> 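Before we start, here is the structure in question, set down as structure tokens.
On a predicted model such as this, the values are computed, not experimentally measured, just so you know. Remember, it's 1-based here, ligands and their atoms both numbered in the order they're listed.
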Amino acid sequence: MKKIMYSSTNGHPELLDFKGALLRGQAPDKGLYVPEEIPRISKEELASFSEMAYPEIALSVMRPYLGDLVPEDDLVAILKDAYDFPVPLEKVYDEKYVMRLDRGPTFSFKDFAARLMGRLMQYFLKQEGRSMVILTATSGDTGSAVAHAFYDLDNIEVVVLFPEKEVTGRQRKQMTTLGKNVHVMAVDGKFDDCQAMVKQAFVDPDFAELNLSSANSINVGRLIPQSIYYFYAWSRTAAPDREIVFSVPCGNFGNVMAGLIAMRMGLPVRRFVIATNENDEFPKFMETGDYRPIRPSVKCISNAMNVGHPSNLARVFWLYEGSMDENGNVKRNPDIEAMRREIYAVCVTDAETRKTISDAYNRYDTLLEPHGAVGWAGLARYLKEVEDWSPCVSLETADPAKFPEEVVRAVGLEPPVPEAMARLDDMDERFDLVAGDYQSFKSQLTKLFS
Ligand SMILES: *Cc1c(COP(=O)(O)O)cnc(C)c1O
């Protein structure tokens, strides 16, 4: 099988295979890894997806990226183990659907990417006889998705830092009730302090032999697995001969980037709606051709999307023949006309988000939380402006029970709490308290691994 190689969006000459890029994370020149070539899935193979279960579709999508790095039997087992939860496509009206990506162990769509990345990392580390320490700072959801994804895997230890006073009780419990190879530190500080300590640890020569890795959202191993559910959605709503419209609530743009890759692989997509909250640097760029990051980012109720400069924009630009460095400087303009043909970008305010949660529930009995509501509002805007009769799928990225205040406020009803989430309330927690300075963190980390 032909081997796809991965290169940096900043142009570093070294090419790596999937395993190399996965274990490296970020390229040495701070660029993001992208596949040198995007594999195509034939029409015949696409047509067969409607008969396949999720892990089988996943096999068809992932196989060309991995080449022969993972033998097929092993890959089948990994995919079955990673994707053992439902992916409902809920019909809202006519051919308009909400895809619920919130049924994984942490009730976040981030489970899809993190679970496969964790399993592939474990697979390759075992092969190499190596071990790794995943060090990650979280403002809430990423940490729990990563902690769960790596929980109980061999050859991998996980250390999660979170700002003690800035996460909800349930978000905290999703991390602190795991134990085993998951170590959690509550930092007396803000998210930015956690992030700074993690960054410093990565360049600290005293930790060189720990083999620290960030497993963060820019890892190519987290990007590609997100393409799978776009194929799945199409196979359940539009296959075999129709184009589909996706609406994606966007923060760091990893989710929609994976969708754009799916389209380049041959998935029949009419249009992507990119819906942001009031951090509207991308919709503004699409309108004016001028890119200006928003610093600091605006605090909106869809808080996982409060991103003033999406890291994956560098990949989106690359896809459209442009170039952007890690700080958001545009080195070469992308083909913006091509982008406008394929992407419809909208900004959704908090007021509109709240109204959308209320309308979706009152008109269609569809319960959304703020992130999914941004997506649904974006789709409504698109349909108002563009006459399009394609099946439409809007992505719901978290369970409404994670945002009870906003749901109660909009619809006057407590969102039902999934059993696994409710169970957390009675479970024992374990975590260390750490002062907000690097030395305190360093001594904790040293103690942990000595
Ligand atoms: C992370 C996240 C997003 C944003 O996804 P990106 O891939 O960063 O664009 C949207 N919704 C929820 C609930 C998230 O946790």
> Between Y320 and R315, is there a cation-pi geometry (under 6.0 Å to ring centre, at most 45° from the normal)?
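Pair R315/Y320 does not count as cation-pi.
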> State whether the side chain of N362 and the backbone N or O of S358 hold a donor-acceptor pair below 3.5 Å, judged by distance alone.
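Flag set: sc N362 to bb S358 pair under 3.5 Å.
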> For atom CD of E287, is the number of surrounding heavy atoms from other residues, nucleotides or ligands below 6.0 Å larger than 12?
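Counting neighbours around CD of E287, 12 or fewer heavy atoms of other residues, nucleotides or ligands fall under 6.0 Å, so no.
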> Quick check, are the ring centers of F403 and H371 under 6.0 angstrom apart?
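Yes, they do, as the ring centres are separated by less than 6.0 Å.
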> Does ligand 1 have any N/O pairs with the protein under 3.5 Å, and how far apart?
residue, atom, partner, partner atom, Å
ligand 1, 7 (O), G254, N, 3.2
ligand 1, 7 (O), N255, N, 2.9
ligand 1, 8 (O), N252, N, 2.7
ligand 1, 9 (O), G251, N, 2.8
ligand 1, 9 (O), N252, N, 3.2
ligand 1, 9 (O), F253, N, 2.9
ligand 1, 11 (N), T397, OG1, 2.8
ligand 1, 15 (O), K110, NZ, 2.5

> Salt-bridged, D399 to R100, with N to O below 4.0 Å?
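The answer is no: the pair does not qualify as a salt bridge.
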> Specify the closest pair of heavy atoms between R242 and W234, including all atoms of both residues, with the distance to one decimal.
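Looking at all heavy atoms of both residues, the shortest contact is O-NE1, 2.9 Å.
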